[in-house]
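Okay, so here's the structure we're looking at.
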Amino acid sequence: MGHVNMQSGSNAFSRELNERPFKPTKGALACMINSEIGAVLAVMRRNVRWGVRYAADDDQLEHSLIHSLKGLRKQIFSWQHKWHDIDPAIYLQPFLDVIQSDETGAPITGVALSSVYKILTLDVLDVDTVKIGEAMHLIVDAVTSCRFEVTDSASEEVVLMKILQVLLACMKSKASVKLSNQHVCNVVTTCFRLVHQASSKGELLQRIARHTMHEVVRCIFARLPDIKNNQLTLANGTPFTGREGDAPNEDHAFTTKHLENGNVNTEYAGQPSAGDASSDHTNKLASGIDANKLEIGNGLESSQNGDKLMSEPYGVPCMVEIFHFLCSLLNVIEHMGIGPRSNPIAYDEDVPLFALGLINSAIELAGPSFSEHPPLLSLIQGDLFRNLMQFGLSMSPLILSTVCSIVLNLYYHLRSDLKVQVEAFFSCVLLRVAQNKHGSSYQQQEVAMEALVDFCRQQTFMADMFANFDCDIPCSNVFEDLVNLLSKSAFPINGPLTAMHIVALDGLISMIQGIADRAGNELPVPEDTTENPEGYKAFWTMKCENYEDPNCWVSYVRKMRHIKKNLMIGVDHFNRDPKKGLEYLQGIHLLPEKLDPHSVACLFRFAVGLDKNIIGDYLGSHDQFCIQVLHEFAGTFDFQGMNMDIALRIFLGTFRLPGESQKIQRVLEAFAERYYEQSPHILANKDAALLLSYSLIMLNTDQHNVQVKKKMTEEDFIRNNRHINGGKDLPREYLSELYRSICENEIQMIPDQGSGFAVMTSGRWINVMHKSKITTPFIICDSRALLDYDMFSILSDRTIAAMSVVFDRAEQEEVLQTCCDGFLAIAKIAACYHFDQVLDSLVVSLYKFTDSLNSYSVAEAILAFGEDNKARMAMITIFTIANRYGDYIRSAWKDILDCVLSFHKLGLLPARLASDAADDMEPSSDLERAKPAPSSLSTPTSSGITPRKSSGLMGRFSQLLSFDVEEPRSLPTEEQLAADQHTRETIQSCHIDSIFSESKFLQAESLLRLVSSLIELASHLGNGTNALEDEGTAVFCLELLIAITLNNRDRIMLIWQGVYKHISDVVHSAIMPSTLVEKAVFGLLKICQRLLPYKENLTDELLKSLQLVLKLDARVADAYCEHITHEVMRLVKANATHIRSHAGWRTITSLLSITARHPEASEAGFETLAFIMSDGAHILPSNYILCVDAARQFAESRLGEVDRSLSALDLMAGSVVCLVRWSGEAKNVVGQEAAMKVNQDIAEMWQRLVQALRKVCVEQREEVRNHAILMLQRCMTAVDGLPLPTSSWFQCFELVIFTLLDELLEIALQSSPKDYRKMEETLVLAMKLVTKAFLQQLQDLSQQPNFCRLWTGILNRIERYMNVKFRGKHSEKIHELVPELLKNVLLVMKTTGILVPRDDIGGDSFWQLTWLHVKNICPSMQSEIVPDHELEQMQAKQRKDAADGTVLPPSSETAV
């Protein structure tokens, strides 16, 4: 039987105990007591014995019991005092006498008990009632010594039940605080005895008895939190210490007399039922219970003091005795000689289960208050935990479950005081049973696993285990062992998934979820503790300054964890080669550079995992250094206050005693010397200690070696140790105690290797108790994520592996969802602490479950994926991780993108996925809305390219069914429709588009990995068998790449190099128009369109990339030229103000120049150029020459109407305004050199302009040719504001005007009139051009040395033009116009004093040369311009001026 579970009958009883009616009035109480008297008397009169009058020796006519009841009846109504002022003994005693009388039968006793119960439950008695303490003592004494005659079993059970009622009512009464320690112990004694006696009675009584025992214990220990610690001091000032926790065979405090017939102490006429499995064992325990008293433990120094303490109001003393008694009930196995590995049917689990339940109740209520009272805490640390360790290995799953519940409560309330005990329980019980290292049954393993999971669900459990054990060098790695156990237990290796696997998985996920709940973005990654800049420091001396302040202990435990990990590596080296192991430890600064005996000894003493055989041989060696190490090693032990057997156990537990006698001698001499040094009270000298230690080892071998048949007796042992104490005998009691200790608990001569999972024996328990005294304080971890980083580094890989296997094997949706939740929790933690590799590993593990997308045909893949719940859940989890924690994904982007491409190949993604990913950009322009450009990211096809296959399940099925047109098309089945629905819901839940649209929030490294993975996937396409499908996928990859680029405009340079290279590779490899190259080109243009307004510093870089368009194959360029031009126009119109550099404009104008020769593109190209050049809106010094050249291309182009060419010429001529404006602005430039540089640049631009116009002036089309000459004339005459140097004009005449005149004359003479029509008019315009240009600059030109040469060149060309013939005849227009133009020039020259007569010595003068040419052109012109009389006047004036010394103008002196 386990815990008492009250059912129908006991529930009513429980309700009756808990109900408390309102407090009655004085009269009502008198009536109630009167009624109870009547009830008792009525029952008594039923018996002839009580109903007949008789006369005795004292002449009484009625029995004293009846007499007292009647006397009470007479008094109750006459009392004038308040009930609180009346001694309760007056109205209780008659009833108590009936209860204690051995003459009354069970019915009478039962009614009297009911009367007392009623008085107790009416709240008549409370702490303010007069003499309440004595009254409560009377009640307890009477009930615990209740006597009655047994008439039948039914009435007997009723009386026993009422006894339990009254005792529980006493403990629940407000006046219970007046009970003494002794009386409370008596209550517990009686209740336990009734529990035992009820085992042979009915089921109802058994349940009520057990329930009452539980309630009594709960009532007692519920008061512990309210008790102050000062109750633990005796009257004489001696502290109350309770019992020693490590005394395994101490006599029980509870003792009983033999049972007598007819009462609670009685042996009933009816024997216990033979079928009661627990009666025999319970008899053994209960046979020692004393009905009248509970003895005080041996912790009290005098019985007088103990009696006085036990008579005081109950508190800690009685709780110590009761708790010790409950712990002693667990010693049943030792008393019976039955081990935990015995057959579970061979011993009864009822008593230990009952005791464990009572203990658990006490701990649940008193909880943390135990730590405030050392005697109680000592019992828990010693007796209780020792028994829990034994019963934890019980073959009964029920006992194991109860033990685990108790340990969980102890951990929750008292873990700071139970560090070593908790470690021992986990290492030697829970982990051992769960790993099946104890020969445990499946049920035991399941219970242990469930208990471990319960621990894992505690908020701070993992951190507590890690900080206190895994980061403490002498302790085992409880947290890591637990993680290993759970991860291995979650693996269904070869069999199906079982409940055990699920439980282990729950434990792992509980750990992960606990860390995830604490994880937050604000948590920093812990500093690296792998380096030790301080050099050597003895690790065994390291202490934390404050074990309560996380600011101190967090860094401390991390450092100790690092040391422990390195130490374990060194230990492994040592176990293989001690010398190399020590050298390694020196190299990592865990031992000093120069070894000393003390450091080696401390290593042996405090390092865990060393081979104890090697340590024993090392310590026993005769080498002088080893001997020094041995003595230093012994000096690390503290044997003060220990018996020699305990000291020897502790000493020999750290190494294996070597087999050679000399080595044994040296080791024991060191031990004896240390023991005598610290415990000299009994032993005379160290030789006595040596001899006695030898004797104990020999006794241990004799008693526990199976080959020794004749065992040494106690007398033999005492006799063997005579006269060893300095010639005297040791005390006989001392030797007897040593003998019994060795006989009962073997000294383990072969210690356990390592630190965990050993069977807990009594000898090892002694070591545990010793370790608890020297261990470091327990670190209390709070709910903050102080060590989560360190724990997750241990937990992550194992958990992912285990969860992946369970996810693979599981079919239940609940289990799958649990795994997915665990995966997401791992992802959250990995992202929080920047575990990039963990996140990648997680995604890769999940990706393996999505194979159904790639291993079938299209329709089969859709159907398989829609029906595969596991694959869909894995897919949703993958994309949830990508969306939430993409910042820390690295290599796993490839797998995520593989999933995206798989959906795309199946046609399951939305058609505008890539475009939607960039839909946060500005809306399209009017042009884009008006013209459906095939370069849009969302448009999959272009002219001449096969359209993409229809997407969606219905479309795919239709395609499959259309292969055979003769067969009728069938509709999709219900399964296919359901699969399609599931698939689409899954895709919708994945939020795939968010990955790309939110990529702007990704961290830089993650973004780079995403882009590089996408490029890598796209680059490997085309190697498959389905080229068309590969191209579609490559296009989709490119769309995604462009979308990512557009979304990351603020950090475009981070990814631009890779994006540009990929687009460049696509462009360079294209030899024919295709969707892929179309996407590349127009994607590049879109990037430039979108990013230029935001990234002015990258304008050149972006525009430089457009040079790829210029490198397109001719066929490809021709196919897309019109649309390219439209995109360029959009780019220019939107971003012209952002383009400032020459390189950027060169790319733009180059693209526009190409369109001048393309029929479809020229219109848009010229519109773009006009936008740039009109009114000089966007003409800059950096693009002036480029724009002029581009305009010339359109002027010379014969595509389109002539008006376009004329407009292009207008744009060229109109650009002069910009030069004038810049010239004016140059005046404000600070610095003469800067102004000169600007003027030089303007002159150069003007030269390039007129040269470009000169080229168009020879155009075959007369409209364009003539208009070009006019625009050239306009450019030469509208330069008043331009700072053109005279040299530029000379250059202009030589390279532009003269060249133009010569070319036009040549065309007129040599070309057919059909090819060049109306050349006569063109020549006239050319003559006007030259004369106007000459006259405008005449003053400046005339001052230059080369003026005469320039003038001669003009005259020569005029003369040639006069002689030209058209169709064999001179041109009338020329002959009419040219003389007039020449005459006008000469008149201006004459007026300005440039053309005047003068005498030259040695050659023809300027005057003579001019008229010589003029005569050839028009002989009569000289007389018209300079008549004879005017000529004489001019000559006379010249002679006079010469006589006067007047200097003539220099130009008139210039000769050719």
Side-chain angles (χ1 to χ4, degrees), residues 419-420 423 466-480 525-575 577-611 614-615 618-619 625-626 628-638 654-655 755 771 773-779 781 786-787 789-791 793-794:
K419 177 178 179 179
V420 176
E423 178 194 9
F466 182 76
N468 289 284
F469 303 125
D470 293 57
C471 298
D472 194 354
I473 292 176
C475 297
S476 56
N477 293 330
V478 175
F479 174 78
E480 192 166 354
V525 177
E527 297 180 0
D528 188 12
T529 58
T530 56
E531 297 184 2
N532 184 15
E534 301 176 0
Y536 167 73
K537 185 176 181 181
F539 63 84
W540 54 89
T541 63
M542 294 182 181
K543 301 293 181 184
C544 180
E545 295 179 359
N546 188 342
Y547 286 93
E548 297 179 357
D549 183 6
N551 294 324
C552 294
W553 64 254
V554 169
S555 58
Y556 167 76
V557 297
R558 283 203 175 106
K559 185 174 183 179
M560 296 308 292
R561 172 68 178 172
H562 172 65
I563 292 175
K564 188 175 184 179
K565 291 172 63 176
N566 288 337
L567 186 60
M568 299 317 301
I569 299 174
V571 165
D572 183 63
H573 285 295
F574 179 87
N575 291 338
D577 187 331
K579 183 178 179 181
K580 291 183 178 179
L582 294 177
E583 291 175 352
Y584 176 82
L585 291 171
Q586 287 177 286
I588 59 175
H589 306 298
L590 291 181
L591 288 177
E593 293 183 5
K594 183 178 181 181
L595 283 180
D596 59 86
H598 178 73
S599 61
V600 177
C602 290
L603 173 70
F604 292 167
R605 179 73 170 88
F606 300 108
V608 178
L610 290 171
D611 190 320
I614 296 177
I615 296 177
Y618 193 99
L619 295 176
F625 184 81
C626 294
Q628 293 175 0
V629 171
L630 171 62
H631 286 277
E632 291 288 346
F633 179 77
T636 62
F637 290 86
D638 183 7
T654 56
F655 63 95
S755 60
K771 183 179 178 181
K773 298 175 183 178
I774 62 175
T775 189
T776 56
F778 191 95
I779 297 174
C781 298
L786 300 175
L787 298 173
Y789 177 90
D790 310 85
M791 293 188 293
S793 62
I794 298 173

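Being a predicted model, the structure only gives us computed values, none of them experimental. Side-chain atoms are counted along with the backbone in the values below, which use heavy atoms only and exclude waters and symmetry mates.
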Note to self: Taking Val478's backbone N and O only, do any of them form a donor-acceptor pair with Asp470's side chain (distance below 3.5 Å, no angle check)?
What the structure shows: yes
Item checked: Least distance between heavy atoms, Val557 atom then Ile779 atom -> CG1-CD1, 3.6 Å
Margin query: Would the distance check show the side chain of Lys564 and the main-chain N or O of Cys475 forming a donor-acceptor pair, the cut-off being under 3.5 Å?
Written below: yes
Margin query: Distance check, rounded to the nearest 0.5 Å: Asp572 atom CG versus Ile569 atom CD1?
Written below: 8.5 Å
Check: When Arg605 is tested against each of Phe655, Trp540, Phe637 for side-chain contact (heavy atoms from CB on, under 4.5 Å), which residue passes?
Finding: Phe637
Check: Closest heavy-atom contact between Ser599 and Leu591?
Finding: O-CD2, 3.9 Å
Margin query: Please confirm whether the ring centroid of Phe604 lies under 6.0 Å from the ring centroid of Tyr618.
Written below: yes
Note to self: Nearest 0.5 Å, please: how far is CG in Asn551 from CG in Asn546?
What the structure shows: 9.5 Å
Notebook entry, point to check: If you look at every heavy atom in Ala601 and Val629, which pair is closest and at what distance?
Noted result: CB-O, 3.6 Å
Notebook entry, point to check: For Ser476 and Glu423, which heavy atoms make the closest approach, and how far apart are they?
Noted result: N-OE2, 2.8 Å
Next item on the list: Return yes if some donor-acceptor pair links the side-chain N/O of Gln586 with the main-chain N/O of Glu593 below 3.5 Å, else return no.
Entry: yes
Margin query: The test is side chain to side chain contact (heavy atoms under 4.5 Å, CB included); show your working for Leu595 and Val600 and say whether it passes.
Written below: CA-CA 7 Å; Leu595 283 180; Val600 177; 4.0 Å; yes
Note to self: Donor-acceptor check, side chain of Asn575 to backbone of Asp611, threshold 3.5 angstrom: yes or no?
What the structure shows: yes
Next item on the list: Hey, could you give me the CD1/CG distance between Ile614 and Leu619, rounded to the nearest 0.5 Å?
Entry: 12.0 Å
Margin query: Measuring from atom CG of Asp596 to atom CD of Glu632, what distance do you get when rounded to the nearest 0.5 angstrom?
Written below: 8.0 Å
Next item on the list: Sort out for me which residue in Met560, Arg561, Met568 forms a side-chain contact (heavy atoms from CB on, under 4.5 Å) with Ile473.
Entry: Met560
Notebook entry, point to check: Which heavy atom in Val571 sits nearest to a heavy atom in Val608, and how many Å separate them?
Noted result: CG2-O, 3.9 Å
Check: Is a donor on one side and an acceptor on the other found under 3.5 Å between the side chain of Glu545 and the backbone of Cys552?
Finding: no
Next item on the list: Any chance you could lay out the side chain to side chain contact (heavy atoms under 4.5 Å, CB included) test for Leu603 and Phe539, step after step, and finish with the verdict?
Entry: CA-CA 9 Å; Leu603 173 70; Phe539 63 84; 4.2 Å; yes
Margin query: Using every non-hydrogen atom in the two residues, find where Met791 and Phe479 come nearest and quote the distance to one decimal.
Written below: CB-CZ, 3.7 Å
Margin query: Using the ring-ring contact (aromatic ring centres under 6.0 Å, His included) criterion, which residues pair with His573? Sequence neighbours excluded.
Written below: Tyr584
Next item on the list: Could you tell me the separation between the NZ atom of Lys543 and the OH atom of Tyr556, rounded to the nearest 0.5 Å?
Entry: 6.0 Å
Item checked: Evaluation steps, side chain to side chain contact (heavy atoms under 4.5 Å, CB included), between Trp553 and Cys781 -> CA-CA 10 Å; Trp553 64 254; Cys781 298; 3.7 Å; yes
Next item on the list: Could you pull out all residues at least two apart from Asp638 that satisfy side-chain hydrogen bond (donor to acceptor under 3.5 Å, both in side chains)?
Entry: Gln678
Margin query: Distance check, rounded to the nearest 0.5 Å: Glu583 atom CD versus Phe574 atom CZ?
Written below: 12.0 Å
